[in-house]
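Worth saying up front: this structure is predicted, and the values here are computed from it rather than measured.
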Amino acid sequence: MKQLAALFGRRARLRWLHLIIGGALLMPYFLVGTVLVGMAGGGEQLFSSVPAQLAAFALALPMAAVTGFFALVRPLSVATARALCGIPPALLADGPARTRQARVRTAGWYTLHLALGGIISGATLALPPFAVAVIALPFFAGLRETWLLDGPEALREPWALALAPFAGLAMLVALALAAAVAGEVLARRAPVLLGPTPEDRLAAAERRAADLAVRNRLARELHDSVGHALSAVTLQAGAARRVLDRDPEFVREALTAIEETTRRTVGELDSVLGLLRQDAEPDEEGTAHGPGLDALGGLLAHCGVPVAYEREGDPEDPGTVDPVVAREAYRIVQEGLSNALRHGGGDAASPVRLLIAVRERERELEIVMENPLGERPAVARPGGGRGLRGIAERAVLLGGRAEAGPYDGGWRLTARLPLTMSEATGTADRTEGRG
């Protein structure tokens with residue numbers, strides 16, 4: 001049964017069809033070859049001469065190989081091979097053949113496909129009618145008189161006629177076996193000739209890295225904006241619940257802060273989710289729009305913790321601080337406030353201290369945030385612990401640096417960012433050079 005399935009099963013039939021397609025693709029080249037052979041003197045005997053047909057076939061293959069160098073031949077060949085040859089998709093390359101090596105491999109595959117397809121297609125057209133006629137010889141006297149009139153005497157013997165049906169069946173089995181072998185040859189060579197080249201693998205790795213970078217950026221944005229908002233809302237709601245009966249004014253202020261925080265976060269969430277929409281486009285630096293340092297006032301007013309804000313220079317001026325740098329600085333401040341909310345012990349007497357300074361001489365934007373630590377140790381949240389790492393990633397991507405740790409009985413976060421994107425690129429290049 002396995003042998004029959006290998007010759008006539010579904011996979012064998014699909015591979016046979018794949019070979020027939022190859023024979024059909026060969027026909028234009030073969031016709032051009034017959035014209036060239038005819039011009040060379042094949043003339044009237046062209047279609048009845050086996051050597052002339054073989055010569056036309058031999059001329060057709062180089063022309064097919066030239067066609068295989070076109071970039072779009074590979075995706076078409078890959079799609080056909082995946083559908084009809086039963087090859088796992090991961091073993092074949094995606095996209096047009098861009099490099100010389102990929103085009104040479106594709107041309108080899110295309111030529112092999114058309115060569116084997118032409119042979120099997122020709123045999124499929126010619127052999128089955130002949131085999132059926134041989135099978136029918138013992139049963140039709142008129143057929144015997146027509147076929148065996150000029151044939152050898154041995155073919156008219158009773159034993160020869162008795163074997164004719166078996167000979168005809170053997171021809172059909174041989175054709176099926178030849179098609180199965182040719183299909184297996186193509187299936188085994190497809191991963192080699194149509195598989196990804198080293199350049200394809202490098203391009204695929206770069207695409208995966210770009211996708212991961214986008215996902216990491218989305219994760220940072222969601223963590224910083226939504227995480228901060230949830231921390232602030234949770235603390236405000238908890239504080240309001242504890243003094244609900246004795247301090248209605250504080251509850252009113254807490255509810256106002258919750259309302260402002262959630263309203264601002266909805267706008268930031270729309271900006272982040274815009275990266276996932278097909279019609280969303282990044283700005284010139286490849287970063288989606290978001291709040292910058294000019295939006296710090298609303299953040300500090302409703303962050304849920306008292307903040308003593310100092311600034312040196314004019315960090316809110318787009319002419320001084322690049323908008324992309326200002327946006328990342330806003331996120332760093334936002335995450336620092338989230339950490340102060342979760343782990344700090346600040347009150348009106350010891351608020352969070354925030355300093356944002358434009359250092360023109362160093363061409364840096366400095367962010368310093370200090371907050372007291374709570375009496376109880378911070379409790380790790382499930383899935384948490386990414387905030388400080390996200391701050392460091394934001395700073396490094398701009399060519400800056402960030403550090404955080406205990407300082408003078410409290411906690412201190414420091415970040416230094418280049419003022420402009422051109423300076424950020426240069427700093428990043430120098431950093432890579434040192435690495």
Side-chain angles (χ1 to χ4, degrees), residues 1-37 46-68 73-88 91-92 105-135 165-195:
M1 292 299 293
K2 291 183 179 180
Q3 290 78 5
L4 290 177
L7 294 179
F8 303 104
R10 182 176 183 273
R11 174 174 291 184
R13 295 196 303 271
L14 289 176
R15 289 180 176 178
W16 203 333
L17 176 59
H18 185 242
L19 290 164
I20 298 298
I21 292 174
L25 293 174
L26 180 69
M27 284 305 299
Y29 309 102
F30 183 77
L31 292 176
V32 174
T34 58
V35 172
L36 295 177
V37 171
L46 179 62
F47 292 100
S48 60
S49 171
V50 174
Q53 296 292 306
L54 291 177
F57 181 77
L59 290 173
L61 295 182
M63 291 185 284
V66 172
T67 306
V73 171
R74 187 171 74 170
L76 296 175
S77 299
V78 166
T80 309
R82 282 175 174 168
L84 301 178
C85 289
I87 303 170
L91 298 181
L92 302 181
R105 291 184 180 184
T106 304
W109 163 266
Y110 191 68
T111 306
L112 179 64
H113 180 204
L114 269 60
L116 294 178
I119 295 171
I120 298 300
S121 297
T124 301
L125 290 173
L127 193 57
F130 180 77
V132 171
V134 171
I135 293 172
F166 299 100
L169 289 175
M171 294 177 192
L172 295 177
V173 173
L175 175 60
L177 180 61
V181 171
E184 184 65 21
V185 169
L186 287 177
R188 289 181 180 273
R189 301 313 299 171
V192 177
L193 298 177
L194 295 179

Sequence neighbours excluded, the answer for side-chain hydrogen bond (donor to acceptor under 3.5 Å, both in side chains) partners of T124 is W16
Of all heavy-atom pairs between A107 and A65, which one has the smallest distance, and what is that distance?
CB-O, 3.5 Å
Closest contact, heavy atoms only, R105 versus G195:
NH1-O, 4.1 Å
Specify the closest pair of heavy atoms between L61 and A115, including all atoms of both residues, with the distance to one decimal.
CD2-CB, 3.7 Å
What are the two closest non-hydrogen atoms of P28 and A24, and how far apart are they?
CD-O, 3.6 Å
Which distance, rounded to the nearest 0.5 Å, do you find between the CZ of R15 and the CD1 of I87?
7.5 Å
If you take all heavy atoms of G33 and L59, which pair is closest and at what distance?
O-CD1, 4.0 Å
Using the rule given for side chain to side chain contact (heavy atoms under 4.5 Å, CB included), can you reason through L31 versus V35, listing the C-alpha separation, both sets of side-chain angles and the distance that settles it, and then say yes or no?
CA-CA 6 Å; L31 292 176; V35 172; 5.8 Å; no
Min side-chain heavy-atom separation S121-L19 under 4.5 Å
no
For R11, the salt bridge (charged side-chain N to carboxylate O under 4.0 Å, His left out) test, sequence neighbours excluded, returns none
All salt bridge (charged side-chain N to carboxylate O under 4.0 Å, His left out) counterparts of R82, not counting sequence neighbours
D94
Who are the side-chain contact (heavy atoms from CB on, under 4.5 Å) partners of A64, not counting sequence neighbours?
Y29, Y110, L114
CD1 of I135 to CG of L172: how many Å apart, nearest 0.5 Å?
5.5 Å
Any side-chain heavy atom of L26 within less than 4.5 Å of one from F57?
yes
Could you give me the CA-CA distance, side-chain angles and deciding distance for I21 and L84, then say whether side chain to side chain contact (heavy atoms under 4.5 Å, CB included) is met?
CA-CA 10 Å; I21 292 174; L84 301 178; 3.7 Å; yes
Which atom pairs, one a donor and one an acceptor, fall under 3.5 Å between side chains of residues 185-194 and the rest of the protein, sequence neighbours left out?
unit_1, atom_1, unit_2, atom_2, d
R188, NE, E184, OE2, 2.9
R188, NH2, E184, OE2, 3.4

Hits for side-chain contact (heavy atoms from CB on, under 4.5 Å) against L125, two or more places apart or cross-chain, chain-then-number order -> none
Within the distance-only criterion (no hydrogens, no angle test), does the side chain of H18 pair as donor or acceptor with the backbone N or O of H113 below 3.5 angstrom?
no
Note: V37 and A56 closest approach over all heavy atoms is CG2-N, 3.7 Å
